[in-house]
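Take a look at the structure below.
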Amino acid sequence: MTTQELITLDNQYVVQSYARNPIAIEKGEGATLWDFEGKKYIDFASGIGVNSVGYNNKVWQEAIAAQAAKLGHISNIFYSEPYIKLAQTMCERTGMNRVFFANSGAESNEGVIKLARKYSFDKYGMGRSTVVTLINSFHGRTISTLAATGQDVFHNYFFPFTEGFKYAPANDFEGLMNVVDDSVCAIMMELVQGEGGVLPLEKEFVEKVAEYCEKNDVLLIIDEVQTGVGRTGSLFCFQQFGLKPDAVSFAKGIAGGLPLGGFMVGEKTKDVFTAATHATTFGGNPICCAAAQAVLDILDDETIAEVTAKGNYIKEKIEALNHPNIVCVRGMGMMLGVVLAGLSNKEIAAKLDEAGLLSLTAGKEAIRFLPPLTITYEEIDEGLAIFAKVMEEQK
């Protein structure tokens with residue numbers, strides 16, 4: 001089919017809740033994609049950080065095929081091997097205690113919100129259920145995770161939203177303390193705010209929050225839906241901050257393109273959910289978990305160490321452009337935001353798409369780059385050449 005034929009069918013048969021770019025992707029290899037007309041694209045978006053090991057990865061493919069030939073689904077009223085082995089791997093590589101598997105980032109964050117409220121209810125009873133999140137945060141698109149999201153632009157249409165959330169300024173501990181009171185059961189943070197603009201938190205601020213949570217029996221929840229699975233230069237971003245969170249949500253890159261999410265829990269929270277207090281039909285799906293195990297095998301310590309090196313390489317090449325409209329490049333690992341001034345990030349992203357470089361936006365001013373973690377330097381250079389050309393045309 002042609003791209004235009006697909007767009008016509010989409011307009012007729014699919015709910016129009018996405019502002020899609022006029023590109024239809026047919027296939028990929030590594031970090032390179034082709035549309036139905038054969039046009040080539042370098043991918044600096046990876047399905048919004050999902051395709052962590054790129055496209056057509058043979059190890060990933062073989063793991064999926066082997067598991068599909070054995071068992072596709074059995075439900076959580078029985079045991080199966082893939083989710084148990086994956087949980088073991090994740091705990092051993094992070095120091096967390098147990099894992100709950102879900103299907104998406106929003107569902108994962110719903111789970112940790114429930115976890116925090118049940119932990120507090122079990123210990124203190126009613127009235128201690130508020131979750132504090134940060135301004136500019138993004139935690140999902142369900143009713144509760146929209147309420148948890150600290151951006152007013154998302155707080156519309158779907159009233160009434162779930163109660164029990166407060167918002168505090170990032171990197172401002174005094175401002176946070178002005179929000180916290182005796183009703184708070186958890187503080188929930190992204191260590192790099194992705195949708196909010198690729199905004200890293202300051203280590204001193206995070207350490208103070210962690211210390212406060214420990215002293216006051218407030219759960220420390222880290223949302224790693226976007227920052228996790230090697231994206232920021234360690235398997236999970238919290239490891240670079242020296243944290244021991246009470247819960248960590250994850251999704252996106254964990255299964256390399258298949259729908260899988262969940263959360264890890266620490267010592268304090270490992271027994272909060274008991275039989276029938278939390279569940280999901282597809283959680284721990286054997287094929288998705290086999291894919292995730294393959295992703296973690298591919299993303300060994302050596303490969304993850306290269307993420308930092310590649311991210312620094314991208315940052316240095318962009319900074320070397322000395323472009324008058326580029327303010328800075330911020331982020332961690334290969335989660336980078338190119339901050340623009342005097343140019344629309346949405347318009348630049350559209351021009352990059354047209355020129356053959358897929359990217360994302362973040363906040364009101366940043367172009368966001370989330371390449372596959374296995375991208376080659378040759379692909380990086382090809383993508384950066386397109387970026388440089390498009391930016392040069394804007395002078």
Side-chain angles (χ1 to χ4, degrees), residues 96 105-106 108-140 142-155 160-197 199-227 236-238 240-249 263-270 272-273:
M96 299 298 285
S108 303
N109 284 333
E110 285 267 354
V112 293
I113 291 166
K114 288 179 64 178
L115 179 88
R117 289 177 173 171
K118 186 174 186 300
Y119 171 84
S120 194
F121 180 89
D122 290 346
K123 196 167 182 179
Y124 301 101
M126 295 285 288
R128 195 176 185 270
S129 57
T130 300
V131 176
V132 174
T133 66
L134 300 181
I135 295 169
N136 283 324
S137 63
F138 181 84
H139 298 292
T142 61
I143 291 295
S144 291
T145 56
L146 280 174
T149 292
Q151 297 186 59
D152 289 340
V153 67
F154 292 104
H155 299 159
F161 288 98
T162 307
E163 297 179 352
F165 295 96
K166 292 183 177 181
Y167 315 105
N171 296 324
D172 180 355
F173 185 70
E174 184 177 342
L176 176 69
M177 289 299 97
N178 290 334
V179 172
V180 172
D181 58 26
D182 291 341
S183 73
V184 172
C185 65
I187 298 174
M188 182 174 177
M189 308 184 298
E190 305 158 278
L191 296 175
V192 182
Q193 295 181 327
E195 302 294 332
L199 300 163
L201 298 188
E202 297 170 1
K203 190 170 185 180
E204 182 181 3
F205 170 76
V206 173
E207 289 173 346
K208 286 182 178 180
V209 174
E211 182 180 5
Y212 173 84
C213 289
E214 180 65 27
K215 286 183 177 180
N216 293 276
D217 198 22
V218 170
L219 295 192
L220 176 63
I221 299 173
I222 305 299
D223 177 347
E224 295 248 21
V225 169
Q226 189 166 156
T227 56
F236 285 89
C237 193
F238 76 82
Q240 295 184 59
F241 284 76
L243 298 177
K244 292 185 177 179
D246 297 303
V248 179
S249 61
F263 52 87
M264 300 180 288
V265 293
E267 181 67 30
K268 185 185 289 188
T269 54
K270 68 179 184 180
V272 170
F273 281 140

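These numbers come from the heavy atoms of this one structure, side chains and all, not from hydrogens, waters or symmetry mates.
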Practice task
Go through the steps to decide whether Leu191 and Glu224 satisfy the test side-chain contact (heavy atoms from CB on, under 4.5 Å), and finish with yes or no.
Solution key: CA-CA 8 Å; Leu191 296 175; Glu224 295 248 21; 4.3 Å; yes

Start with the C-alpha gap between Leu176 and Ile187, add the side-chain angles, then the distance that decides, and say whether side-chain contact (heavy atoms from CB on, under 4.5 Å) holds. CA-CA 10 Å; Leu176 176 69; Ile187 298 174; 4.1 Å; yes

Exercise. Are Val265 and Val272 close enough, and set up right, to give a side-chain contact (heavy atoms from CB on, under 4.5 Å), and what steps lead you there?
Worked result: CA-CA 9 Å; Val265 293; Val272 170; over 6 Å; no

For this session: Verify side-chain contact (heavy atoms from CB on, under 4.5 Å) between Leu220 and Met189, making sure each step is shown before the conclusion.
Result: CA-CA 8 Å; Leu220 176 63; Met189 308 184 298; 3.9 Å; yes

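Ring geometry, Phe205 versus Phe173: the interplanar angle exceeds 60°, so the pair is classed perpendicular (tilted spans 30 to 60°).
Between the Ser137 side chain and the Gly150 main chain, a donor and an acceptor come within less than 3.5 Å of each other. With Asn136 contributing its side chain and Gly196 its backbone, the two residues share no donor-acceptor pair below 3.5 Å. Using a distance-only test at 3.5 Å, with no hydrogens or angles considered, no donor-acceptor pair links the side chain of Arg128 to the main chain of Cys185. Not a single donor-acceptor pair under 3.5 Å links the side chain of Asn109 to the backbone N or O of Thr145. Of the possible polar contacts, none joining the Lys268 side chain to the Asp246 backbone as a donor-acceptor pair under 3.5 Å is found. Proximity of a side-chain donor or acceptor of Thr133 to a complementary backbone N or O of Ala148 within less than 3.5 Å is detected.
At a threshold of 4.5 Å between non-hydrogen side-chain atoms, the residues Leu243 and Val206 count as touching.
Taking both residues in full, the closest heavy atoms of Ile143 and Pro160 are given as CG2-O, 4.2 Å, listed atom of the first, atom of the second, then distance. Phe161 approaches Phe154 most closely through the heavy-atom pair CZ-O, 3.9 Å. Pairing each heavy atom of Leu219 with each of Ala116, the nearest pair is CD1-CA, 3.6 Å. The shortest non-hydrogen separation linking Thr227 to Val192 is CG2-O, 3.7 Å. The two atoms that bring Leu134 and Pro169 nearest to each other are CD2-O, 4.1 Å, heavy atoms only. Of all heavy-atom pairs between Ala186 and Ile221, the closest is CB-CD1, 3.8 Å.
Here the two rings, on His155 and Phe165, have centers that are 6.0 Å apart or farther.
Residues meeting the side-chain hydrogen bond (donor to acceptor under 3.5 Å, both in side chains) test with Thr149, sequence neighbours left out: none. For Phe238, there are no ring-ring contact (aromatic ring centres under 6.0 Å, His included) partners two or more places apart in sequence or in a different chain. Checked against side-chain hydrogen bond (donor to acceptor under 3.5 Å, both in side chains), Glu190 has no partners two or more places apart in sequence or in another chain. Partners of Lys203 by salt bridge (Lys or Arg N to Asp or Glu O under 4.0 Å), not counting sequence neighbours: none found. In this structure, the side-chain hydrogen bond (donor to acceptor under 3.5 Å, both in side chains) partners of Gln226, at least two apart in sequence or on a different chain, are Arg368.
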Hey, can you pull the donor-acceptor pairs under 3.5 Å for the side chains in residues 207-216, sequence neighbours left out?
residue: Glu211; atom: OE2; partner: Lys215; partner atom: NZ; Å: 3.2
residue: Asn216; atom: ND2; partner: Tyr212; partner atom: O; Å: 2.9

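We find the CE-OG1 distance between Met96 and Thr269 to be 6.0 Å, quoted to the nearest 0.5 Å. Remark: Ser108 OG to His139 NE2 distance equals 13.0 Å, nearest 0.5 Å. The OH atom of Tyr167 lies 11.0 Å from the CD atom of Gln151; values are rounded to the nearest 0.5 Å. With rounding to the nearest 0.5 angstrom, the NZ atom of Lys114 is 11.0 Å from the CZ atom of Arg117. A distance of 4.0 Å separates CD in Glu202 from CG in Asn171, rounded to the nearest 0.5 Å. Atoms CD1 and CE, on Ile222 and Met188 in that order, are 9.5 Å from each other to the nearest 0.5 Å.
A donor-acceptor pair shorter than 3.5 Å can be found between the side chains of Ser183 and Thr130. With hydrogens and angles left out, the side-chain atoms of Tyr119 and Asp217 include a donor and acceptor closer than 3.5 Å.
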